[in-house]
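Only one structure is covered here, and it is reproduced in the block below.
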Amino acid sequence: MNYKLLLVENNEGIVTVTINNEKSLNALNATLMSELADAFTTINKDQSVDVVILTGAGRSFVAGADISEMAPLNAAQGAMWGQVGMKTFRIIETLRQPVIAAVNGFALGGGCEISMSCDIRIASTKAKFGQPEVGLGITPGFGGTQRLARLVGMGKAKQLIYTAEIIPAQEAYRIGLVDELAEPEELMDKAVAMAKTIQKNAKLAVQYAKQAINTGIQTDIDSGMTIEEHVFGLCFATEDQKEGMQAFLEKRKANFKSC
């Protein structure tokens with residue numbers, strides 16, 4: 001996969017997607033959105049991929065959307081641009097494989113939103129997060145009003161969005177927006193280590209678990225239990241379930257071969 005603004009590398013089933021538009025601090029423009037949608041759609045179909053790491057080149061993860069592209073838009077065009085961002089981030093969010101965001105710098109506006117579409121966020125201690133859109137006369141438009149409230153609670157989400165406050169990684173970790181912190185020079189090593197830990201487990205079981213969590217969180221508890229019951233049952237039709245339980249009984253390491 002060759003892209004203008006993305007670098008995609010598959011290292012033994014762990015794919016690293018690097019947003020590579022340093023001159024604009026990796027701002028999200030139309031080209032980048034199209035490439036992200038294409039890359040993640042392709043990854044979703046690739047049976048060789050176990051885990052994905054999303055990061056940014058240079059000193060920024062994603063500094064936001066490209067203001068120069070947004071400034072001249074009218075209401076209808078603005079809504080269409082919002083749809084592009086929402087659809088792209090939903091492709092990431094609903095990817096079969098787990099996605100780890102390795103947030104290396106600014107994650108503002110669309111950058112915070114794309115990080116929230118990932119399953120797990122590991123942040124450099126120098127990273128900064130925020131939804132500063134109201135300071136530009138707009139609301140978050142790529143899912144920020146919805147995902148932020150689900151991650152940190154309604155009150156804190158409203159505070160961050162209404163004030164346009166930019167917070168350090170340590171505060172993002174404290175409120176639950178970030179799951180792990182790492183020193184800048186250790187960020188990618190920590191992300192890869194987590195990816196390898198996930199990779200050791202049964203691929204289909206991990207994917208079914210992601211499906212159950214993402215779908216169930218949108219429903220009531222009883223509906224969520226029904227979703228879990230379904231994926232739990234599906235696991236018993238896999239070779240991995242047989243291998244995993246047999247390995248446990250034989251007190252040996254499982255040799256998973258998800259297909």
Side-chain angles (χ1 to χ4, degrees), residues 1-8 15-44 52-95 99-119 121-124 127-148 151 157 160-161 164 166-167 169 172 177-178:
M1 294 177 281
N2 295 314
Y3 298 106
K4 182 179 178 182
L5 299 176
L6 286 182
L7 300 174
V8 181
V15 169
T16 300
V17 178
T18 304
I19 298 171
N20 188 33
N21 191 20
E22 290 188 56
K23 65 180 180 180
S24 66
L25 297 178
N26 300 325
L28 298 167
N29 57 30
T31 298
L32 183 50
M33 284 295 205
S34 176
E35 292 187 352
L36 282 166
D38 183 79
F40 278 90
T41 298
T42 301
I43 289 168
N44 192 60
V52 181
I53 299 171
L54 177 65
T55 193
R59 62 192 181 94
S60 179
F61 178 67
V62 173
D66 190 329
I67 304 302
S68 66
E69 286 192 352
M70 288 196 296
L73 300 181
N74 60 32
Q77 292 168 331
M80 290 178 64
W81 177 233
Q83 290 174 9
V84 169
M86 289 181 184
K87 288 179 180 178
T88 301
F89 293 0
R90 278 293 284 167
I91 292 171
I92 298 171
E93 188 170 44
T94 59
L95 201 76
V99 184
I100 300 169
V103 183
N104 52 303
F106 296 112
L108 307 178
C112 188
E113 289 168 311
I114 196 172
S115 78
M116 291 189 291
S117 72
C118 299
D119 296 289
R121 284 154 295 285
I122 304 175
S124 158
K128 295 184 184 298
F129 293 79
Q131 298 287 167
E133 287 90 346
V134 296
L136 297 171
I138 58 175
T139 65
F142 297 163
T145 61
Q146 303 306 304
R147 293 191 181 96
L148 188 59
L151 281 170
L160 290 172
I161 291 172
I166 295 172
I167 60 173
L177 179 56
V178 165

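Owing to the predicted nature of the structure, the values given are computational and were not obtained by experimental measurement. Note that these values count all heavy atoms, side chains included, but never hydrogens, waters or copies made by symmetry.
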Side chain to side chain, [X] and [Y], heavy atoms closer than 4.5 Å:
X	Y	answer
Ile19	Leu54	yes
Ile114	Phe61	yes
Phe40	Val17	yes
Leu32	Val62	no
Asn20	Leu5	no
Leu177	Cys112	yes
Phe89	Met116	no

For residues [X] and [Y], report the shortest heavy-atom separation together with the two atoms involved.
X	Y	answer
Val178	Arg121	CG1-O, 3.7 Å
Gln131	Gly109	NE2-O, 3.4 Å
Ser117	Ile92	OG-CG2, 3.6 Å
Ala164	Val134	CB-CG2, 4.0 Å
Ser115	Phe129	OG-CE2, 4.1 Å
Gly111	Leu28	N-CD1, 4.5 Å

How many angstroms lie between atom [atom1] of [X] and atom [atom2] of [Y], to the nearest 0.5 angstrom?
X	Y	atom1	atom2	result
Ile53	Thr18	CD1	OG1	9.0 Å
Met86	Ile91	CE	CD1	14.0 Å
Glu22	Arg59	CD	CZ	9.5 Å
Asn104	Ile122	CG	CD1	12.0 Å
Ile138	Met70	CD1	CE	4.5 Å
Asn26	Leu6	CG	CG	9.5 Å

Just jot down the side-chain hydrogen bond (donor to acceptor under 3.5 Å, both in side chains) partners of Gln146, sequence neighbours excluded, or say none.
-> Arg150

Applied to residues 70-93, the salt bridge (charged side-chain N to carboxylate O under 4.0 Å, His left out) test, sequence neighbours excluded, yields Arg90-Glu93, Glu93-Arg147

Ser34 side-chain N/O to Ala30 backbone N/O, donor-acceptor pair under 3.5 Å = no

